[in-house]
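Computed from a predicted model, the values in this text were never measured in an experiment.
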Amino acid sequence: MSGGQTKNAALTTALAFHYQVLIGLDKCFSLEEGQAVWFEKDGDVSLMSPDVLASTQTEVKDYAAPLTDHHENLWKTLKNWLATDFDHTHYGVLVLHTTQAFGATTQLKDWNTQTVEKRLQILQKIFAERTDEQLKAEKPSDIVKLQKAVMACDEALLKSVLGKVTLFTETDNAQELEKQILAKPVGIPKNNLNSYLHALVGFVYAQATQHSWSINQQAFAAKCEDLTALLCKKEFTFPLFSGYEASGLEVERHQDRLFVLKIAEIEHHEMIPDAVGNWLELQNSLLEQLDEYPLYKDKTITYQNQLVKKYTMAHSSAQIEATDAIKSSKLLYNKTMQEQPLNIGNNIPPIEYKNGLIHDAMDDDERDLKWRVEP
């Protein structure tokens, strides 16, 4: 396989996984008290409830070809649900969620309205289309092997599973699903909706551990409330700052910037990743077009000028008190980074925003700021 094919395969897998996450995120909005959405528990996405009948297991599939009688999608999914390591009694509903449309002549079209007996008859009729040659072949095709495995199961077990199966076809693609999710929040300006979605997706991924991956109703509701408070309509929307620490590659890429050189000048090298991270978060925030973003930029310029005035006084005082150039310079740096941010109106901005602005000012050659103090 060529490098290009490998990259394409990896991208396809990543996009499919992201689609699965969006399906789970969409389900989070319907969670009731005591319920939770699980990823990769018994399959792709599970909604677990204290009431078993309200619990659902969803297999998320993305196929271009239509869902026909002999398509592997249904048969492979049934085989997984019939496997000994899957306990169907934990769920009231088993959903095959697929982007496929039904094939023109498939017998599966009315599946969701059929009785268990009728569903079994449909599978038996489809299986009966197989010839003896196909069934007894030394190397049967994959679909024949799947069909034989399903139809060889105990009939009572097969009926129990078939009675829970719902076929959800022609489902929304990732883009349509994102639009559907973005229609749910109330009171968030249009320019802030993408930030809302990205923050929720990030929240979902952050819940994964080495042992499990779930989002309960209480945690999801709290996150939605936090984001609504942060991104709702106000004078202007303040971008999210997470305290990002720059990677080694990012530090290397920016090592020749003036603000980095000034930290290196006082031999405070261990502080550089945080400094670069704060600076990068600030630059990215200025590129975001959130609600009333021109006002955010104007406020930021004014705020930076206030910080520079305050720092100039602090540097002057440190210069007077200095006893050792490196030690005194490091103390000045640490004190400045740890200081509580000045208010912007009635709000206190994130400390990473304040520190990013100080590093940005240090990067401005015309301001002639520095960390180094001399005894």
Side-chain angles (χ1 to χ4, degrees), residues 235-290 292-375:
E235 184 183 15
F236 66 93
T237 299
F238 212 96
L240 292 167
F241 282 77
S242 61
Y244 177 70
E245 182 176 327
S247 66
L249 186 61
E250 287 169 324
V251 170
E252 184 179 351
R253 187 181 301 140
H254 298 290
Q255 64 184 352
D256 294 327
R257 295 204 71 94
L258 200 52
F259 80 95
V260 176
L261 294 174
K262 289 176 180 178
I263 300 172
E265 182 186 18
I266 63 170
E267 301 175 18
H268 221 4
H269 304 286
E270 66 272 21
M271 298 296 162
I272 291 177
D274 274 337
V276 173
N278 291 162
W279 182 82
L280 285 172
E281 277 201 290
L282 174 71
Q283 304 310 311
N284 290 334
S285 79
L286 294 169
L287 295 174
E288 285 190 80
Q289 295 190 358
L290 298 176
E292 301 295 347
Y293 68 91
L295 184 56
Y296 166 69
K297 290 186 177 181
D298 289 344
K299 293 275 188 181
T300 293
I301 292 169
T302 301
Y303 189 74
Q304 186 179 51
N305 289 334
Q306 291 176 326
L307 291 174
V308 168
K309 284 183 181 179
K310 188 172 185 289
Y311 176 75
T312 302
M313 183 64 71
H315 185 273
S316 176
S317 298
Q319 188 89 1
I320 295 168
E321 298 171 350
T323 55
D324 177 275
I326 297 300
K327 182 179 178 180
S328 297
S329 300
K330 286 183 177 180
L331 287 171
L332 173 62
Y333 181 95
N334 292 353
K335 182 181 178 182
T336 304
M337 292 295 104
Q338 292 170 345
E339 278 180 337
Q340 178 86 344
L342 301 171
N343 280 26
I344 297 182
N346 295 322
N347 300 311
I348 300 175
I351 195 167
E352 296 85 5
Y353 167 76
K354 179 212 75 174
N355 291 345
L357 280 173
I358 291 171
H359 294 306
D360 185 70
M362 288 282 177
D363 206 51
D364 185 348
D365 195 31
E366 292 185 6
R367 290 187 186 269
D368 195 28
L369 300 174
K370 58 183 178 180
W371 293 110
R372 188 175 178 88
V373 295
E374 299 290 349

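Within the 4.5 Å cutoff, no side-chain heavy atoms of K299 are placed close to those of T302. At least one side-chain heavy atom of Q319 sits less than 4.5 Å from a side-chain heavy atom of H315. Residues E265 and W371 form no side-chain contact, since every pair of their non-hydrogen atoms from C-beta on lies 4.5 Å or further apart.
Sorted pairs that involve residues 324-338 and meet salt bridge (charged side-chain N to carboxylate O under 4.0 Å, His left out), not counting sequence neighbours, are lacking altogether. Counting only residues at least two apart or on different chains, no salt bridge (charged side-chain N to carboxylate O under 4.0 Å, His left out) pair has a member in residues 276-287. For residues 337-354, the set of pairs meeting the salt bridge (charged side-chain N to carboxylate O under 4.0 Å, His left out) definition, not counting sequence neighbours, comprises K310-E339.
Taken to the nearest 0.5 Å, the CZ atom of F241 stands 12.5 Å off from the CD1 atom of I351. I272 contributes atom CD1, which lies 13.5 Å from atom NZ of K262 (distance to the nearest 0.5 angstrom). Summarising the geometry, atom NE2 belonging to H268 is positioned 9.5 Å from atom OG belonging to S329; distances are rounded to the nearest 0.5 Å. How far CH2 of W279 is from CG of N284: 9.0 Å, rounded to the nearest 0.5 Å.
Applying the salt bridge (Lys or Arg N to Asp or Glu O under 4.0 Å) test to E374 and every residue at least two apart in sequence or in another chain returns R372. Qualifying side chain to side chain donor-acceptor pair (under 3.5 Å) partners for T300, counting only residues two or more places apart in sequence or in other chains: Y353. A search for side chain to side chain donor-acceptor pair (under 3.5 Å) contacts involving T336 returns nothing, not counting sequence neighbours. For D274, the side-chain contact (heavy atoms from CB on, under 4.5 Å) criterion is met by E245, not counting sequence neighbours. In this structure, the side chain to side chain donor-acceptor pair (under 3.5 Å) partners of S247, at least two apart in sequence or on a different chain, are E250. Scanning for side chain to side chain donor-acceptor pair (under 3.5 Å) contacts around N305 gives R367, with sequence neighbours left out. Judged as a side-chain contact (heavy atoms from CB on, under 4.5 Å), and not counting sequence neighbours, E321 has no contacts.
The nearest pair of heavy atoms linking A361 to Q304 is N-NE2, 3.4 Å. When all heavy atoms of S328 and T323 are compared, the pair lying nearest together is OG-N, 3.3 Å. Heavy atoms only, all atoms of each residue included: P349 and L342 are closest at CD-O, 3.1 Å. Smallest separation of non-hydrogen atoms from A325 and P375: N-CG, 3.9 Å.
By the 30° and 60° cut-offs, the orientation of the rings of H359 relative to Y333 is tilted.
No donor-acceptor distance shorter than 3.5 angstrom exists from the side chain of D360 to the backbone of G356, with no hydrogens or angles considered. The closest donor-acceptor contact from the side chain of Y311 to the backbone of K370 lies under 3.5 Å.
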For residues 252-260, which side-chain N or O atoms pair as donor and acceptor with protein atoms under 3.5 Å away, sequence neighbours left out?
| unit_1 | atom_1 | unit_2 | atom_2 | d |
| --- | --- | --- | --- | --- |
| R257 | NE | D363 | OD2 | 3.0 |
| R257 | NH2 | D363 | OD2 | 2.6 |

